[in-house]
**Student:** 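I am attaching a structure below and will ask some questions about it afterwards.
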Amino acid sequence: MKVRILPAEPPPELIRLAADCVREFDTFRAPLTEADRARRNPSQLTPRQREHLERWGYPYAMDDFRFHMTLTGRLGSERREPLLKMLAERFSGLKLTKLAIDRIAVFRQQNAVSRFRIVNHWELYTA
């Protein structure tokens, strides 16, 4: 299992930004392979999530998207529990109430097991 940070209530603006990015950048993603499809375990997905998987290459897109920040790769339980405890101790004192997104980045992954690499990033400006 991976360690992720999730907001209690994702703001609608964030959900809209994510959906816009999925639509606008869709032409840049690799086609969904049979291995990718099988890895997503479609029999465990809702009909809408299966539609997203076929259309967008990811089952948790659009209304099924939940913003998260992945902090680790896969961890066994013996490493996961101490790490969760340490993160809870470090982050609990921050009292974060807002998340500012000030840039957008495009990543590339050579294959399903390689790390994501940043291709480029751009600052976001508000009017």
Side-chain angles (χ1 to χ4, degrees):
M1 177 158 292
K2 297 177 182 180
V3 174
R4 296 182 173 136
I5 294 177
L6 298 132
E9 282 297 317
E13 299 87 358
L14 181 57
I15 303 301
R16 192 170 46 252
L17 174 64
D20 289 347
C21 287
V22 167
R23 278 190 291 275
E24 294 300 321
F25 289 99
D26 186 60
T27 58
F28 297 102
R29 74 174 171 86
L32 189 67
T33 66
E34 285 304 318
D36 294 331
R37 189 176 285 103
R39 187 173 55 88
R40 293 294 179 184
N41 203 2
S43 64
Q44 300 298 311
L45 300 173
T46 66
R48 184 172 66 185
Q49 289 168 344
R50 283 192 296 275
E51 288 174 24
H52 291 327
L53 180 62
E54 294 304 318
R55 173 62 186 94
W56 305 111
Y58 186 66
Y60 310 108
M62 307 305 171
D63 291 340
D64 289 306
F65 175 71
R66 180 83 192 264
F67 176 80
H68 61 279
M69 291 184 280
T70 303
L71 302 177
T72 71
R74 295 204 183 278
L75 297 173
S77 59
E78 71 285 347
R79 290 186 64 207
R80 185 174 183 267
E81 293 309 318
L83 184 61
L84 282 173
K85 182 178 181 214
M86 183 272 299
L87 290 170
E89 289 169 0
R90 297 247 173 116
F91 283 105
S92 65
L94 294 179
K95 307 278 190 251
L96 295 175
T97 58
K98 288 188 176 183
L99 175 67
I101 297 178
D102 64 352
R103 66 190 60 242
I104 189 167
V106 173
F107 291 78
R108 180 184 173 107
Q109 186 181 28
Q110 290 293 79
N111 56 56
V113 296
S114 65
R115 292 182 176 268
F116 285 93
R117 302 284 182 216
I118 296 175
V119 174
N120 207 339
H121 63 92
W122 301 267
E123 285 188 55
L124 298 174
Y125 299 97
T126 58

**Student:** Within the supplied structure, the quantity of interest is the number of heavy atoms (other residues, nucleotides, ligands) at a distance under 6.0 Å from Arg79 CZ; does it exceed 12?
**Tutor:** no
**Student:** Any chance you could measure Asn111, atom CG, to Thr33, atom OG1, to the nearest 0.5 Å?
**Tutor:** 11.0 Å
**Student:** Establish whether Phe116 and Ile101 are linked, either directly or via other cluster members, by ILVMFWY side-chain heavy-atom contacts under 4.5 Å.
**Tutor:** no
**Student:** Taking all non-hydrogen atoms of both residues, which atom of Ile104 and which atom of Cys21 are closest, and how far apart?
**Tutor:** CD1-SG, 3.2 Å
**Student:** Which atom names give the shortest non-hydrogen contact between Pro82 and Ser77, and what distance separates them?
**Tutor:** CD-O, 4.4 Å
**Student:** Rounded to the nearest 0.5 Å, what separates atom CD1 in Ile15 from atom CD in Glu13?
**Tutor:** 10.0 Å
**Student:** I'd like to know whether Leu84 forms a side chain to side chain contact (heavy atoms under 4.5 Å, CB included) with Arg80, so could you lay out the CA-CA distance, the side-chain angles of the two residues, the decisive distance to 0.1 Å, and finally the verdict.
**Tutor:** CA-CA 6 Å; Leu84 282 173; Arg80 185 174 183 267; 3.6 Å; yes
**Student:** Rounded to the nearest 0.5 Å, how far does CZ of Arg103 lie from CG of Asn120?
**Tutor:** 10.5 Å
**Student:** Using the side chain to side chain contact (heavy atoms under 4.5 Å, CB included) rule, take Val106 and Trp122 through it: C-alpha gap first, then chi angles, then the decisive distance, then the call.
**Tutor:** CA-CA 9 Å; Val106 173; Trp122 301 267; 3.4 Å; yes
**Student:** Does Arg48 pair with Glu51 as a salt bridge, N-O distance under 4.0 Å?
**Tutor:** no
**Student:** Under a 3.5 Å distance rule, please check whether Arg108 uses its side chain to pair with a backbone N or O of Arg117 as donor and acceptor.
**Tutor:** no
**Student:** Rounded at 0.5 Å granularity, tell me how far CZ in Arg40 sits from CG in Leu32.
**Tutor:** 9.0 Å
**Student:** Does Met86 belong to the same Ile/Leu/Val/Met/Phe/Trp/Tyr cluster as Leu75, with side-chain heavy atoms less than 4.5 Å apart forming each link?
**Tutor:** yes
**Student:** Are side-chain heavy atoms of Arg37 and Leu53 found at a separation under 4.5 Å?
**Tutor:** yes
**Student:** Go through Val22 and Met62 one step at a time and tell me if the side chain to side chain contact (heavy atoms under 4.5 Å, CB included) criterion holds.
**Tutor:** CA-CA 8 Å; Val22 167; Met62 307 305 171; 3.6 Å; yes
**Student:** Would you call the rings of Tyr60 and Tyr58 parallel, tilted or perpendicular if under 30° counts as parallel and over 60° as perpendicular?
**Tutor:** perpendicular
**Student:** According to a hydrophobic-cluster definition based on side-chain heavy atoms being under 4.5 Å apart (Ile, Leu, Val, Met, Phe, Trp, Tyr only), do Val119 and Phe28 belong together?
**Tutor:** yes
**Student:** Working to the nearest 0.5 angstrom, can you tell me the gap between Leu124 CG and Leu17 CG?
**Tutor:** 7.0 Å
**Student:** If Ile, Leu, Val, Met, Phe, Trp and Tyr residues are connected whenever their side-chain heavy atoms lie under 4.5 Å apart, and connections chain through other members, are Phe25 and Phe107 in the same group?
**Tutor:** no
**Student:** Could you check whether any side-chain heavy atom of Asp64 comes within less than 4.5 Å of a side-chain heavy atom of Pro59, counting everything from C-beta outward?
**Tutor:** no
**Student:** Within the distance-only criterion (no hydrogens, no angle test), does the side chain of Gln49 pair as donor or acceptor with the backbone N or O of Thr46 below 3.5 angstrom?
**Tutor:** yes
**Student:** Do Asp26 and Arg55 have side chains that get closer than 4.5 Å, going by heavy atoms?
**Tutor:** yes
**Student:** Return the CD to NE2 distance between Glu54 and His52, rounded to the nearest 0.5 Å.
**Tutor:** 12.0 Å
**Student:** Looking at Ser114, is its backbone amide N or carbonyl O close enough to the side chain of Gln109 to form a donor-acceptor pair, meaning the two atoms are under 3.5 Å apart?
**Tutor:** yes
